[in-house]
Enquirer: 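Before I ask anything, let me first share the structure, which is written out below as structure tokens.
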Amino acid sequence: MAGLTGIYNKLLARFGEQFWWPVTTGNSTLEIIIGAVLTQNTAWSNVEKAIGNLSREKMISIERMRSIGEKKLASMIKPSGYYNQKARKLKNVVEYLENNPLRQLAKMDVKQLRKSLLGVNGIGPETADSIILYALEKPSFVVDMYTKRIFFRIGLIDKNQGYEEVKQFFESGLPKDVNVYKEYHALIVELAKNFCKKKPLCESCPLEKNCEKRM
DNA sequence: CGCCAGGGCCTCA
DNA sequence: TGAGGCCATGGC
């Protein structure tokens, strides 16, 4: 029965380092934040198209994002889906970033930073943790649908455990290390995409031996 | 064709 | 405070 670290090592051995988060333009921090919003319940391939549109129009900038109309912004991010909602969310986020510059956010501790981010309409728990971990590079474990699915099937968490509870489970069982958190989440996504799909492919799954296969 | 994807907000008990 | 409805495109 491997613990969280044992599972991490197995995934790392199988998939190798993931080097998340994929960044395509120069202003990587802002791009990561925008991507974190656009990827909400959306395949990353669609997010890439939307970010490609924004990048082509030099929109990866606080000033440009502030000046563009919401309708126009929505049309540019159309491939990522939910484009009306997401355009409004992005507007909220850049307004927040204007009032709370990155250099200021960088000084905050994770707890207050998280609380602050969650105050923005459009940033929920997973998006907040993604921004803290991948954009600001502070240790805050990201829990997503994949995380819950995999660790429920393995038998380490229960269906009724909420976001904060699952997050605590990981953070209390792992070294408080930004790179470990980053890599672990990336490896979880990789496992979910390749094996632990909604309809699981258990054969040759790296965690096959210590999985309870609950459904 | 139907299913699904790196959620979050709003509403209504 | 928790479940349910809603948002939407593109890949397979």
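Note on naming: letters A, B, ... go to the chains in the order of the sequence lines (proteins, then strands), and numbering restarts at 1 for each one.
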Enquirer: So which heavy atom on A:Val94 is nearest to which on A:Met65, and how close?
Expert: CG1-CB, 3.6 Å

Enquirer: Could you walk me through whether A:Ile123 and A:Asn92 pass the side-chain contact (heavy atoms from CB on, under 4.5 Å) test, one step at a time?
Expert: CA-CA 9 Å; A:Ile123 299 182; A:Asn92 292 339; over 6 Å; no

Enquirer: Provide the closest heavy-atom pair for A:Ala87 versus A:Leu73 in the form atom of the first, atom of the second, distance.
Expert: O-CD2, 3.8 Å

Enquirer: Choosing from C:dT9, B:dG8, C:dA8, which nucleotide comes nearest the side chain of A:Lys78?
Expert: C:dT9

Enquirer: I'd like to know if the side chain of A:Thr127 pairs up with that of A:Lys89 as donor and acceptor (distance under 3.5 Å, no hydrogens or angles considered).
Expert: no

Enquirer: Tell me which residues in residues 189-198 of chain A put a heavy atom below 4.0 Å from DNA chain C, sorted by number, or none.
Expert: none

Enquirer: Taking pairing as Watson-Crick or G-U wobble with both contacts under 3.5 Å, can you name the mate of C:dC12, or confirm there isn't one?
Expert: B:dG2

Enquirer: Applying a 4.0 Å non-hydrogen cut-off, can you work out what A:Thr147 is touching in the nucleic acid: base, sugar-phosphate, or nothing?
Expert: nothing

Enquirer: Would you confirm whether the ring centroid of A:Phe170 sits within less than 6.0 angstrom of the ring centroid of A:Phe151?
Expert: yes

Enquirer: Identify, residue by residue, the members of residues 116-125 of chain A with a heavy atom below 4.0 Å from DNA chain C, and return them in order of residue number, or none.
Expert: none

Enquirer: Over all strands shown, is A:Asp144 touching base, sugar-phosphate only, or nothing at heavy-atom distances under 4.0 angstrom?
Expert: sugar-phosphate

Enquirer: Locate the shortest heavy-atom distance separating A:Gln18 from A:Ala186; write the atom from each residue and the value.
Expert: CB-CB, 3.6 Å

Enquirer: Among C:dA8, C:dG10, C:dT9, which nucleotide sits nearest the side chain of A:Lys49?
Expert: C:dG10

Enquirer: Report the base-pairing partner of B:dA13 (Watson-Crick or G-U wobble, both distances below 3.5 angstrom), or none.
Expert: C:dT1

Enquirer: Take A:Leu207 and A:Leu191, measure what side-chain contact (heavy atoms from CB on, under 4.5 Å) needs, and give me the verdict at the end.
Expert: CA-CA 9 Å; A:Leu207 304 183; A:Leu191 180 71; 3.6 Å; yes

Enquirer: Mind listing the residues from residues 85-92 of chain A sitting with a heavy atom below 4.0 Å of DNA chain B? Number order is fine.
Expert: A:Gln85, A:Lys89

Enquirer: Of all the nucleotides listed (C:dA8, B:dG8, C:dG10), which has the minimum atom distance to the side chain of A:Asn41?
Expert: C:dA8

